[in-house]
Structure formats: C-alpha cells, structure tokens
Amino acid sequence: MALVTMKEVMADSLRRALDKNIDPKERYAVGAFNFSTIPEMVGIVEGAREKNAPVILMLSLGALKYIGSLELVADAAKGIARQYPEVPMVLHLDHATDLDMIKHAVTVGFTNVMIDASQESFEINIEKSREIAEFAHDQSPRGKFGCSVEAELGMLAGHEDNISVSEEDAGKAYTDPALVPEFVEKTGIDALAVAIGTAHGFYKAAPKIRFDLLEEIRKATDIPLVLHGGTGVPDEDFKKCVAMGMSKINVGTGLKKVYTDAVREAIKVLPETEYDPRKIVGPGRKAIAEEIASKCDLFNATGKAKAVMQELYR
Ligand code: 13P
C-alpha cells in the first residue's frame with residue numbers, strides 16, 4: 001500500500017475519541033516514532049507489523065540534516081510502504097519552521113507535515129499554519145488525498161533541534177483551551193499538538209500531565225490531538241491520555257537509547273575481529289522493532305491496522 005496521510009490513519013482513532021458512549025478502553029493512539037537512519041525506519045515498521053498496528057515515521061530536522069535529503073527519505077518511505085503493504089503508515093516531517101522547506105516536503109511525498117510556529121504570536125502561528133494547510137491540502141502529489149498538517153498551540157519544554165524552550169517558559173504556555181476553536185477553524189489544520197505538561201528529551205522528574213486541560217481541549221475541538229515528548233511518560237499516564245482521547249503519541253529520545261544500548265551491547269560481546277556492520281547495528285534495528293511492538297500494546301494500537309484500512313476504504 002502507498003503511504004497514507006495522518007488524517008486518514010487517525011480517522012478511526014478520532015472517531016473513538018469523540019464517541020462519548022464508547023468504553024474508553026476501546027480508544028487507542030497511533031504511535032509516531034523518530035528515526036535517524038533507514039534501518040531504524042525498517043525497525044519501526046517491523047515492530048508495527050508484528051502487532052498489526054498503524055504507525056507514523058517521524059523525521060526531525062536534526063535527522064534530516066544527518067540524512068541529507070527530503071527526497072531520499074520520501075523515496076525510502078515509499079519503498080518501505082510497498083514492502084510492508086499490510087502496515088498503514090505515514091511519513092511525517094516533525095517540528096519544521098521553514099515554510100519553503102515544509103512545502104518542499106509536501107511536494108516530494110511526505111504525507112503529514114508539522115508546522116511549528118508555537119513560539120510566535122497567536123496571530124502569526126495562525127497565519128503560518130494556515131499557509132501550510134492550504135498548500136498541503138491542494139498541491140501534494142497524492143492528488144485528492146493531499147497531505148495532512150499538524151500544528152502546535154502552547155509550548156513544550158525541552159530541546160528539539162532548532163527549537164529550545166526553558167521549563168519556566170513552557171510552564172507559562174500550556175495550550176489554552178479557549179483559543180483552540182479559533183486556532184483550528186482559522187488554520188484548517190488536521191491535528192493539534194498540545195502542551196499539557198510533557199517535554200522533549202529525558203525528564204529530570206516524572207512529568208505532571210494536566211489531565212484537566214486535556215479534558216477541556218478534547219471538548220473544544222473535533223480534530224485529533226497529539227502528545228509530544230513521549231519519552232519517560234509513565235505507562236499509566238499514557239493509558240489515561242489514550243482513554244481521554246489522545247490520537248497520536250510521539251516518542252523520540254527513548255528510541256535512540258534503545259538503539260544505542262543494543263549496539264553497545266553487540267560491540268561488547270562480539271570478538272574484535274568482527275567487522276560486519278549488520279552484526280553490530282542489526283541488533284539496534286531489532287531492539288527498535290521490539291520497543292515499537294511494546295509501545296503498540298501500551299497505546300492500545302495493537303490489532304488496529306484492519307480498522308484503519310476499513311476507514312480508508314469506507
Ligand atoms: P521525546 O524525544 O521526548 O520522546 O519527544 C519526541 C517528540 O515529541 C517529537 O516530536
């Protein structure tokens with residue numbers, strides 16, 4: 001199957017999030033995972049395939065700089081999608097700020113882009129997010145499906161490539177539920193990243209998630225909500241976010257650790273005469289697949305590929 005948009009991949013999760021009569025245990029979030037190399041992309045998809053789950057492959061600006069080209073990543077993702085047709089998957093550009101670069105990603109085949117103008121004023125955030133939403137919905141090579149768009153309201157603490165926000169500033173900038181309807185309506189975006197107490201990177205202390213805000217934000221809009229800063233969030237908090245209607249959960253830093261720990265261990269146990277990179281970094285890819293599989297269970301996305309496919313062909 002070809003890559004699908006995030007809007008399509010989250011349609012089933014969103015329907016469940018908005019259904020007030022559903023058992024909250026029936027809700028789930030689609031996992032979105034950062035990668036820096038093509039084997040990591042494959043590991044992510046293999047983990048999702050093992051659990052029959054949909055998945056979102058996320059390219060950060062740092063990873064883009066390392067890999068070197070949006071086209072290369074888009075072509076690799078298209079190839080992986082052909083190789084694993086049973087996995088509904090999205091290629092997402094994360095936390096991008098440069099409008100021209102985001103438009104370029106849309107034209108080469110990314111199926112979701114994030115415009116992060118959350119550090120700008122409310123008005124500029126609306127303006128930039130709307131420009132990207134209009135462009136992505138009209139001009140993607142994916143024809144009538146276009147490319148979907150995520151934007152952020154409020155600010156997350158931590159460091160994400162070109163964006164750094166201190167904990168003090170972030171504490172002042174949780175997503176304001178009162179601004180959500182206007183932001184969603186004026187921008188035309190497809191998913192909203194919320195700042196409710198998580199942060200990018202490892203936590204010094206367990207995060208205090210503002211579930212009260214999540215409840216208000218979920219009531220304020222009917223588009224999918226996105227939780228950033230998934231590394232180090234306690235399992236129970238993830239489950240509560242999912243039960244309350246979160247549709248996408250981003251995990252990055254923790255995956256880097258899983259990968260690197262596995263590679264370090266391989267180097268430690270292999271003889272010094274072993275030079276085959278497949279034996280050295282291969283365990284990293286396998287460890288990533290295992291981690292994704294366990295996140296699919298945690299986010300309750302296991303077994304949901306079929307429901308996503310049914311929604312696609314509705
Ligand atoms: P972590 O690196 O904290 O898991 O956050 C990832 C993220 O939110 C990417 O957008």
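Remember, it's 1-based here, ligands and their atoms both numbered in the order they're listed.
Put simply, the side chain of T97 never gets that close to the backbone of D116: no donor and acceptor are under 3.5 Å apart.
Taking the six-membered ring where tryptophan is involved, the planes of F183 and F122 are tilted, since the angle between them lies from 30° to 60°.
For V251, no nitrogen or oxygen atom sits less than 3.5 Å from a nitrogen or oxygen atom of ligand 1, counting backbone and side chain alike. Distances between N or O atoms of N34 and those of ligand 1 include no value under 3.5 Å. Of the polar atoms of M58, none of the N or O atoms is found under 3.5 Å from an N or O of ligand 1, judged by distance alone.
Taking the ring axis of F33 as reference, the NZ or CZ atom of K295 does not stay both within 45° of it and closer than 6.0 Å to the ring centre.
The heavy-atom pair separating L64 from L70 by the smallest distance is CD1-N, 3.7 Å.
Near H95, meaning under 4.0 Å from one of its heavy atoms, ligand 1 places the atoms 10 (O). For ligand 1, the atoms closer than 4.0 angstrom to any heavy atom of T253 are 1 (P), 2 (O), 3 (O), 4 (O).
Side chains of D190 and H137: a donor-acceptor N/O pair is present below 3.5 angstrom, by distance only. At a cut-off of 3.5 Å, with distance as the only test, a side-chain donor of D297 or T302 sits close to an acceptor on the other residue.
Of all the heavy atoms of D94, the ones lying under 4.0 Å from any atom of ligand 1 belong exclusively to the side chain. With a 4.0 Å cut-off on non-hydrogen atoms, T198 does not touch ligand 1 at all.
At least one heavy atom of A199 sits under 4.0 Å from some atom of ligand 1. A heavy-atom separation below 4.0 Å is found between G201 and ligand 1.
Here the straight-line distance linking atom CD of E26 with atom CZ of R15 works out to 11.0 Å at 0.5 Å rounding.
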